[in-house]
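First listed ligand is number 1; within each ligand, the first listed atom is number 1. Every heavy atom of this structure was used, including side-chain atoms; hydrogens, water molecules and symmetry mates were not. Just so it is clear, the model here is predicted, and its values are computed rather than measured.
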Amino acid sequence: MTAAAPPSIVILTGAGISRESGLDTFRCAGGIWSQVRLEDVATPDGFRRDPARVHAFYNARRAQLADPAVQPNPAHQALARLEQEYPGEVLLVTQNIDDLHQRAGSQAIIPMHGELRKIRCDACATVLPWDQDCSPQSLCPACGNGGSLRPHVVWFGEMPLEMDRIYAALDDCGLFLSIGTSGTVYPAAGFVSHLSDIGLAHTVELNLTPSDGAGLFDDGLYGPAGEQVPALVDRILRGDIPGW
Ligand code: BJW
């Protein structure tokens, strides 16, 4: 007799997982949306109105990511270990545009809101690694066009990336972990309801405190991600899988 396959795991992460690495969240007290208006820096209209301002906002965040003090924390590291050691499928879907999951070693990852260390050309659609500052005067290295580079991030009103792959993985998963996200931004905020409708996956929220949507999850684990995530990963790798 063959053993039952372990359940596939989909993990959704948000800004809370990177907070202990020194990066601000958006909606916590003092977070990014209390410092700048999202309409100015995270919408296509804001970029059309003042591209220099939007570039400056993302240039500063890109520079912060290069600060040696900003490193993956135990939560990022534990998720990379889960991918390496778990005998079933693990897909990490992150709303974060930082590269801390990638630096921790995660490979099966979909950055659904884009990547801070990449740039995209609106003229030729090329996506390129980009670690320097960008401005409305910067030239596209691929097509030579000026004024057509934009941060490779998903703004409000734009379609997040790789949604078909994400929903295919959700439809097939047995365990869904939502880590460090307020659950206010769609479509990511709707993943847990989508899974409840299908009824196959056990869903767990990990957050500092219960989010407004905590009641949509089967389970909740509360406390800093740097403590809760490694403890849960240890538990899963011991074969004690929530809901199974
Ligand atoms: C800790 C912790 C610790 C702290 N340990 N935890 C359906 C219904 C209603 C609205 C919509 C809908 N569908 C679409 C919309 C519109 C819109 C939307 O959702 N609006 C809502 C605000 C209502 N969505 C969109 O426009 C999306 N596109 C879309 O749906 O396309 C389809 C479409 C296209 C065209 C027309 C119509 C539909 C795109 C959304 C793009 C979001 N982009 C941003 C910016 C990205 C670039 C950048 O970083 O600058 O993404 S906004 C920002 O919010 C960022 C984040 O990824 C995202 C989510 O935030 P997150 O990660 O949850 O952070 P916080 O700060 O909110 O929460 C942090 C959490 O961590 C808290 O809960 C803390 O407790 C916790 N925490 N310390 C553990 N140590």
Side-chain angles (χ1 to χ4, degrees), residues 11-47 53-62 64-65 72-76 78-79 92-101 109-120 134 150-164 166-167 177-194 204-214 216-217 220-232:
I11 302 151
L12 173 69
T13 63
I17 198 168
S18 295
R19 198 181 188 192
E20 290 156 65
S21 295
L23 300 181
D24 281 340
T25 67
F26 294 92
R27 296 170 186 83
C28 294
I32 292 174
W33 295 155
S34 70
Q35 302 162 27
V36 288
R37 278 169 24 105
L38 70 85
E39 295 83 357
D40 291 337
V41 297
T43 63
D45 272 355
F47 186 58
R53 177 181 183 162
V54 175
H55 278 305
F57 173 69
Y58 287 98
N59 288 343
R61 289 174 64 197
R62 203 177 292 117
Q64 187 186 20
L65 211 48
N73 67 53
H76 299 103
L79 294 181
L92 177 54
V93 177
T94 187
Q95 300 172 87
N96 299 342
I97 63 171
D98 67 49
D99 64 346
L100 297 179
H101 284 303
I109 176 168
I110 298 180
M112 65 179 288
H113 289 166
E115 293 174 80
L116 191 49
R117 295 182 60 199
K118 290 186 178 166
I119 207 94
R120 186 163 84 238
C134 192
R150 58 159 283 176
H152 182 52
V153 301
V154 177
W155 290 321
F156 285 101
E158 297 185 320
M159 191 61 79
L161 308 176
E162 302 204 57
M163 291 311 299
D164 289 350
I166 294 171
Y167 278 111
L177 309 177
S178 174
I179 304 173
T181 174
S182 59
T184 45
V185 175
Y186 288 83
F191 292 167
V192 63
S193 302
H194 177 82
V204 186
E205 169 174 81
L206 291 90
N207 202 312
L208 206 49
T209 55
S211 70
D212 289 348
L216 299 168
F217 291 84
L221 297 169
Y222 299 106
E227 294 171 15
Q228 293 293 331
V229 177
L232 179 61

Apply salt bridge (charged side-chain N to carboxylate O under 4.0 Å, His left out) to residues Arg19 and Asp24 and explain how you reach the verdict.
CA-CA 6 Å; Arg19 198 181 188 192; Asp24 281 340; over 6 Å; no

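Relative to atom 29 (C) of ligand 1, the option among Met159, Glu158, Glu227 with the closest non-hydrogen atom is Glu158. When the options Asn207, Val185, Val154, Leu206 are ranked by their closest heavy atom to atom 44 (C) of ligand 1, first place goes to Val154. Distances from atom 3 (C) of ligand 1 to the heavy atoms of Gly183, Ser21, Gly16, Gly226 put Gly16 nearest. For atom 12 (C) of ligand 1, the nearest non-hydrogen atom from the set Tyr222, Trp155, Tyr186 belongs to Tyr186. Taking all heavy atoms of Pro187, Ser182, Pro210 into account, the minimum distance to atom 68 (O) of ligand 1 is reached by Ser182. Of the listed residues (Phe26, Phe156, Phe57), the one carrying the non-hydrogen atom nearest atom 52 (S) of ligand 1 is Phe156.
Listed by atom number, the atoms of ligand 1 under 4.0 Å from Glu20 heavy atoms are 3 (C), 5 (N), 80 (N). Of all the atoms in ligand 1, the ones that sit under 4.0 Å from a non-hydrogen atom of Cys28 are 4 (C), 74 (C). Numbered from 1 in the order shown, with element, the atoms of ligand 1 that lie under 4.0 Å from a heavy atom of Gly180 read 6 (N), 69 (C), 70 (C), 71 (O). When each atom of ligand 1 is checked for a heavy atom of Pro224 under 4.0 Å away, the hits are 5 (N). Taking a cut-off of under 4.0 Å to the non-hydrogen atoms of Trp33, the atoms of ligand 1 that pass are 52 (S). Each of the atoms 62 (O) of ligand 1 lies under 4.0 Å from some heavy atom of Gly14. Against a heavy-atom cut-off of under 4.0 Å, Tyr58 is close to the following atoms of ligand 1: 47 (C), 48 (C), 50 (O). Residue Thr181 has at least one heavy-atom neighbour below 4.0 Å for each of these atoms of ligand 1: 61 (P), 63 (O), 70 (C), 73 (O).
Gly157 counts as a contact of ligand 1, since one of its heavy atoms falls under 4.0 Å from the ligand. Put simply, part of Arg61 is less than 4.0 Å from ligand 1, judged by heavy atoms. At a 4.0 Å cut-off, not a single heavy atom of Ala42 sits close enough to ligand 1 to count as contact.
Nearest to atom 6 (N) of ligand 1 among the protein's heavy atoms is Leu208 N, 3.3 Å. The closest protein non-hydrogen atom to atom 23 (C) of ligand 1 is Thr184 O, 3.8 Å.
No donor-acceptor contact under 3.5 angstrom links the side chains of Asn207 and Gln228, judged on distance only.
Residue-level proximity to ligand 1 for Ser211 is absent, since no heavy atom of it falls below 4.0 angstrom. With a 4.0 Å heavy-atom cut-off, ligand 1 is reached by the side chain of Ile97 but not by its N, CA, C or O. Only the side chain of Arg19 comes within 4.0 Å of ligand 1, judged by heavy-atom distances.
Distance screen at 4.0 Å: atom 37 (C) of ligand 1 has no protein heavy-atom neighbour inside the cut-off.
Rounding to the nearest 0.5 angstrom, the gap separating the NE2 atom in His55 from the CZ atom in Arg62 is 8.5 Å. Distance check, rounded to the nearest 0.5 Å: CD of Glu227 to CG of Asn73 gives 11.0 Å. Here Ile17 contributes atom CD1 and Ile179 contributes atom CD1; the two are 5.0 Å apart, rounded to the nearest 0.5 Å. Distance CD/Gln64 to CG/Asn59: 13.0 Å, rounded to 0.5 Å.
Taking the six-membered ring for Trp and thresholds of 30 and 60 degrees, Phe191 and Tyr167 have ring planes more than 60 degrees apart, a perpendicular arrangement.
More than 12 heavy-atom neighbours from other residues, nucleotides or ligands sit within 6.0 angstrom of CZ on Arg61.
Paired with Thr13 under the rule side chain to side chain donor-acceptor pair (under 3.5 Å), one option of His101, His76, Gln95 passes, and it is His101.
Residues Tyr222 and Glu205 are in side-chain contact: their nearest non-hydrogen atoms beyond the backbone lie under 4.5 Å apart. Within the 4.5 Å cutoff, the side chain of Leu206 has heavy atoms near those of the Leu232 side chain.
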